[in-house]
Amino acid sequence: MLFARFHLNRIKGLTFYKLFGSGIGEGFTPLQNTRVYAILAVWEDNEKSLEGLDSPVFKRYQNHSGESWKLSLKTTSVRGEWSNQSPFSTNRENVINVDCPIVVLTRATIRPKILLKFFGHVPNISKVIGADPNVMFKIGLAEVPFLHQVTFSIWPDLDSMIQFAHRDGPHKKAIDDVRKFDWFSEELYARFTIAESSGIWEGQSRKHYENKLKPLEVT
């Protein structure tokens, strides 16, 4: 992961990328899981993504992995910035179908002075999302340990995600505290639909995600 930047910077059509470590357990924890890593890549178009993912650096990751899982996503909504950039773009064709799986990505740079308060919320939030029967997948990631945190989750539909986000409890309280006490110096929130899913996670095929998508009618 440390030396991947040299190779990724040379791939044509790769407009934005981030490299992540992950947390143990449910993933929403400051303790690192040294077995699981992730790459976020934004491409100019689908053709460039297919060419780029065929490059040697991605093949080396594949060869060194016991399991790997790739998700191709289409942005349906986004607000905020990431490293002073707006990496994701939307268009009318990416309107969300409320009945299909939805991917939610949240990203924040945490102000150092509130780190203890922030991670004081984490165990309760992790417990709640881990017990939620609706969440199809969840993981906590970090591009910089402690300071730059990312959550990535998949929900069966828009309603189930909204119910979790706004339900009274530790997650809602954390959101309220973020706004009240200005915990983040930078933040981004994005939603996606799944165009393609392939690979293995924890011994199970994850290809079925894309089969749950329904065609959208855009007028």
Start with the C-alpha gap between Thr90 and Lys74, add the side-chain angles, then the distance that decides, and say whether side-chain hydrogen bond (donor to acceptor under 3.5 Å, both in side chains) holds.
CA-CA 8 Å; Thr90 61; Lys74 291 185 177 182; over 6 Å; no

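- Atom CE of Met161 sits about 3.5 Å away from atom CZ of Arg191, to the nearest 0.5 Å.
- Between Thr106 and Phe152 there is no side-chain heavy-atom pair separated by less than 4.5 Å.
- For the atom pair CZ of Phe16 and OG of Ser89, the computed distance is 12.5 Å after rounding to the nearest 0.5 Å.
- Criterion: ILVMFWY side-chain heavy atoms under 4.5 Å apart, direct or through other members. Under it, Trp43 and Tyr17 are part of a common hydrophobic cluster.
- Of all the heavy atoms in Asn84 and Glu186, the pair that sits closest is N-OE2, 2.8 Å.
- Heavy atoms only, all atoms of each residue included: Leu19 and Ala4 are closest at CD1-CB, 4.1 Å.
- The two atoms that bring Val42 and Leu14 nearest to each other are O-CD1, 3.4 Å, heavy atoms only.
- By the rule that hydrophobic residues join a cluster once side-chain heavy atoms approach within less than 4.5 Å of another member, Val135 and Ile162 end up as members of one cluster.
- Taking the side chain as every heavy atom from C-beta outward, Val57 and Ile11 approach each other to under 4.5 Å.
- Inter-residue side-chain proximity for Cys100 and Asp157 is flagged as unmet; no heavy-atom pair is nearer than 4.5 Å.
- The side chain to side chain contact (heavy atoms under 4.5 Å, CB included) test with Leu105 is passed by exactly one of Thr151, Leu188, Leu73: Leu188.
- Atom CD of Gln62 has 12 or fewer neighbouring heavy atoms from other residues, nucleotides or ligands inside a 6.0 Å radius.
- Of the inter-residue distances, the one linking Glu196 atom CD with Ser49 atom OG reads 8.5 Å to the nearest 0.5 angstrom.
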For Trp69 and Ser198, what are the C-alpha separation, side-chain angles and deciding distance, and is it a side-chain hydrogen bond (donor to acceptor under 3.5 Å, both in side chains)?
CA-CA 6 Å; Trp69 178 26; Ser198 61; over 6 Å; no

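- Lys48 and Thr15 are not linked by any side-chain donor-acceptor pair at a separation below 3.5 angstrom, with hydrogens and angles left out of the test.
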Evaluate the salt bridge (charged side-chain N to carboxylate O under 4.0 Å, His left out) criterion for residues Lys12 and Glu51: first the C-alpha distance (whole Å), next the side-chain angles of each, then the deciding distance (0.1 Å), finally the verdict.
CA-CA 9 Å; Lys12 295 181 179 180; Glu51 294 174 358; over 6 Å; no

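- Residues Phe58 and Gly52 share a closest heavy-atom pair of CD1-O, 3.3 Å.
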Could you walk me through whether Thr109 and Arg111 pass the side-chain hydrogen bond (donor to acceptor under 3.5 Å, both in side chains) check?
CA-CA 7 Å; Thr109 299; Arg111 299 188 189 279; over 6 Å; no

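- The backbone N or O of Leu50 lies less than 3.5 Å from no partner atom in the side chain of Asp54, so there is not a single donor-acceptor pair.
- Note that CG of Leu141 and CG of Asn33 are 10.5 Å apart. Values are rounded to the nearest 0.5 Å.
- Aromatic rings of Phe192 and Phe88 (six-membered ring for Trp) have centroids within the 6.0 Å cut-off, being under it.
- Connection of Trp201 to Leu53 is not established within any shared hydrophobic cluster, with ILVMFWY side chains joined at heavy-atom distances below 4.5 Å, either directly or through further cluster members.
- Contact check for Gln149 versus Ile110: side-chain heavy atoms found under the 4.5 Å cut-off.
- Residues Leu71 and Ile154 have side chains in contact (heavy-atom distance under 4.5 Å, counting atoms from C-beta outward).
- In this structure, Phe20 and Trp82 have tilted ring planes: the angle between them lies in the 30° to 60° band.
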Take Trp155 and Phe137 through the test ring-ring contact (aromatic ring centres under 6.0 Å, His included) and record every step on the way to the result.
CA-CA 7 Å; Trp155 303 83; Phe137 178 82; over 10 Å; no

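- When all heavy atoms are compared, the tightest approach of Ser86 to Gly80 is OG-O, 4.2 Å.
- One distance of note links OG of Ser22 with CZ of Arg35; it measures 10.0 Å at 0.5 Å rounding.
- Counting only heavy atoms from C-beta outward, the side chains of Arg107 and Lys18 never approach each other to under 4.5 Å.
- Among all heavy-atom pairs drawn from Glu202 and Glu67, the shortest one is N-OE1, 2.7 Å.
- Leu158 CG to Ile102 CD1: the interatomic distance, rounded to the nearest 0.5 Å, is 5.0 Å.
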